[in-house]
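Here is the structure we will look at.
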Amino acid sequence: GGRRLHDVARSHAALALARTGEPAAVPVLAKLLKSRKTGIHTRRGSAIALGLLLRDEKLPGDVRDRARAALELGLGSGRDPLVRGFCAVGMGAAHEPFGLEQLTAALDNRSFGNARPFVALGLGLAAWRLDGRGADGIRTLLADRLVEEREVQVLAALSIAAGLAKSKASQEALFARLESKRLDAAVRGPAIQGLGLLRERNPRIEKTLVRALDEGSDEVVEDAALALGLLGTRSTALMLVDKLSRTRSESVQAHMVAALSHLGAASAVDPLLELVQDASLKPSIRRAAITALGILLDDRDSD
């Protein structure tokens with residue numbers, strides 16, 4: 001429209017280009033990502049946008065190769081940790097994950113700094129997509145690093161990545177962190193979420209998660225609810241609805257909604273309807289119950 005957009009607005013335009021799904025957007029986005037003259041927010045948006053486009057299995061081969069090359073270059077030579085991190089996530093989340101050796105090297109390279117948590121997530125997403133030896137190698141790597149790593153943000157990302165990757169070898173390390181009430185919530189919480197993402201039913205783990213619902217820390221309660229939602233059964237649904245009806249924290253309420261949305265409609269609809277219809281409850285609780293019902297009964301494939 002004849003107006004020059006500022007950096008943040010341009011980053012939004014880059015994301016909008018990706019949402020069109022148009023392959024012709026790739027050359028533009030790749031050029032923006034590579035340019036040193038481009039604003040930092042626009043480069044971040046371009047990295048995310050290229051990653052989104054690469055999730056499309058129908059992207060033409062020559063266009064796909066150009067997007068891949070741009071992300072690999074961004075990860076290897078970018079100066080901004082978020083640009084590098086968003087490139088890593090895009091590489092792992094692509095319909096056909098790529099650059100796995102580069103991602104593995106980056107995870108162990110301390111010079112990547114704040115990009116390393118994103119690299120861990122990229123590897124977890126790659127294993128989630130892959131089959132066979134490629135996925136197994138990543139699962140083993142994540143399990144090993146989960147024991148060795150000491151940096152909090154990377155450790156948190158490794159916990160989530162191990163869950164995404166279905167790394168069964170990581171289960172005991174994650175469970176040990178769930179049990180350790182002395183650990184900081186920034187370490188313990190992601191480990192709890194990782195256990196949920198593994199989706200490995202285990203009575204010992206489920207009982208410990210149920211006990212965690214009654215702890216004093218809202219953060220731990222929220223993460224335990226999400227994990228139970230991912231693992232859950234009908235009895236879990238009733239328990240989460242009861243917790244939803246009693247908590248005063250709107251943040252906890254929101255996490256209960258997310259947890260219930262993972263359980264499936266049949267097990268949670270009736271108790272949620274009871275909350276909606278109970279005029280004596282706080283409006284925030286009834287709103288949360290209505291939101292949960294909306295998510296549960298939505299039959300769209302894409303949220």
Side-chain angles (χ1 to χ4, degrees), residues 33 40 43-44 46-48 50-52 54-55 67-178 183-184 186-198 223:
L33 179 58
I40 195 63
R43 292 179 66 208
R44 291 171 180 173
S46 297
I48 296 172
L50 287 168
L52 288 171
L54 280 167
R55 291 167 65 182
R68 285 180 170 185
L71 290 183
E72 287 180 328
L73 181 64
L75 175 65
S77 62
R79 296 180 181 179
D80 177 67
L82 285 183
V83 169
R84 300 179 96 175
F86 295 155
C87 288
V89 171
M91 291 163 67
H95 179 70
E96 296 179 6
F98 61 97
L100 300 183
E101 290 185 4
Q102 192 177 353
L103 289 172
T104 301
L107 181 62
D108 293 331
N109 189 338
R110 300 284 171 177
S111 70
F112 273 74
N114 292 335
R116 290 177 67 228
F118 294 91
V119 173
L121 291 174
L123 285 166
L125 289 164
W128 181 61
R129 290 271 195 190
L130 293 170
D131 294 319
R133 293 181 182 177
D136 288 342
I138 295 173
R139 291 176 184 128
T140 300
L141 172 72
L142 293 173
D144 291 343
R145 298 301 182 273
L146 197 57
V147 174
E148 299 165 359
E149 184 61 48
R150 293 294 177 266
E151 203 282 309
V152 170
Q153 292 297 325
V154 181
L155 188 56
L158 283 167
S159 297
I160 300 296
L164 288 169
K166 302 294 184 286
S167 173
K168 294 181 182 180
S170 301
Q171 188 176 63
E172 284 305 312
L174 294 172
F175 181 63
R177 292 181 178 120
L178 162 62
L183 280 179
D184 188 277
V187 174
R188 194 173 172 218
I192 293 171
Q193 290 189 38
L195 284 169
L197 289 165
L198 277 175
D223 290 321

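- Scanning all heavy atoms of the two residues, the minimum distance from Ala157 to Leu121 falls at O-CD2, 3.8 Å.
- Using modelled atom types, no side-chain atom of Arg84 and backbone atom of Ala115 make a donor-acceptor pair closer than 3.5 Å.
- Nearest heavy-atom pair, Leu125 versus Val89, reported as atom, atom and distance to 0.1 Å: CD1-CG1, 3.9 Å.
- In this structure the side chain of Val83 reaches within 4.5 angstrom of the side chain of Leu33, judged on heavy atoms.
- With hydrogens and angles disregarded, no donor-acceptor distance shorter than 3.5 Å links the side chain of Ser167 to the backbone of Gly163.
- Contact detail for Leu100 and Pro97: the closest heavy-atom pair is CD2-CB, 4.4 Å.
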Item to check | Chi angles and distances behind the side-chain contact (heavy atoms from CB on, under 4.5 Å) call for Leu54, Arg68 | outcome: CA-CA 8 Å; Leu54 280 167; Arg68 285 180 170 185; 4.2 Å; yes
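- The two atoms that bring Leu146 and Ala162 nearest to each other are CD2-CB, 4.4 Å, heavy atoms only.
- Residues that satisfy the side chain to side chain contact (heavy atoms under 4.5 Å, CB included) test with Val152, not counting sequence neighbours, are Ala186, Val187.
- Scanning for side-chain hydrogen bond (donor to acceptor under 3.5 Å, both in side chains) contacts around Asp108 gives Arg145, with sequence neighbours left out.
- Considering only residues two or more places apart in sequence or on other chains, Ala165 meets the side chain to side chain contact (heavy atoms under 4.5 Å, CB included) condition with Ala127, Arg139, Leu142.
- If you take CD on Gln193 and CG on Leu198, they are separated by 12.5 Å, rounding to the nearest 0.5 Å.
- Across all their heavy atoms, Pro190 and Ile160 have their closest contact at O-CD1, 3.8 Å.
- Residues satisfying the side-chain hydrogen bond (donor to acceptor under 3.5 Å, both in side chains) test with Glu151, not counting sequence neighbours, are none.
- Between the OG atom in Ser159 and the CG atom in Leu178 there is a gap of 11.5 Å [rounded to 0.5 Å].
- In this view, Glu72 and Met91, Phe98, Gln102 satisfy the side chain to side chain contact (heavy atoms under 4.5 Å, CB included) rule, not counting sequence neighbours.
- Listed for the Arg116 side chain is a donor-acceptor partner under 3.5 Å among the backbone atoms of Leu107.
- Between Ile138 atom CD1 and Leu103 atom CG the span is 8.0 Å, to the nearest 0.5 Å.
- The CG atom of Leu158 sits 9.0 Å away from atom CG of Leu123, with the distance rounded to the nearest 0.5 Å.
- Applying the ring-ring contact (aromatic ring centres under 6.0 Å, His included) definition to pairs two or more places apart or across chains, none involves residues 130-158.
- Residue pairs that meet the ring-ring contact (aromatic ring centres under 6.0 Å, His included) test with at least one member in residues 114-156, sequence neighbours left out, are Phe86-Phe118.
- For Arg188, the side-chain hydrogen bond (donor to acceptor under 3.5 Å, both in side chains) partners are Glu215, not counting sequence neighbours.
- Surrounding CD of Glu148 are more than 12 heavy atoms belonging to other residues, nucleotides or ligands, all under 6.0 Å away.
- Residues passing the salt bridge (Lys or Arg N to Asp or Glu O under 4.0 Å) test with Lys168, sequence neighbours excluded: Glu200.
- Judged as a side-chain hydrogen bond (donor to acceptor under 3.5 Å, both in side chains), the pairs with a partner in residues 74-83 (not counting sequence neighbours) are, in order, Arg44-Asp80.
- Within the 4.5 Å cutoff, the side chain of Val119 has no heavy atoms near those of the Val154 side chain.
- Taking all atoms of both residues into account, the shortest heavy-atom contact from Arg177 to Ala191 is CB-CB, 3.7 Å.
- The side-chain heavy atoms of Leu52 and Ile48, taken from C-beta on, include a pair separated by under 4.5 Å.
- Checked against side-chain hydrogen bond (donor to acceptor under 3.5 Å, both in side chains), Gln171 has no partners two or more places apart in sequence or in another chain.
- Salt bridge status for Arg55 with Glu96: absent, with no side-chain N to carboxylate O gap under 4.0 Å.
- Between the CG atom in Leu71 and the SG atom in Cys87 there is a gap of 5.0 Å [rounded to 0.5 Å].
- In this structure, Ala176 has no side chain to side chain contact (heavy atoms under 4.5 Å, CB included) partners at least two apart in sequence or on a different chain.
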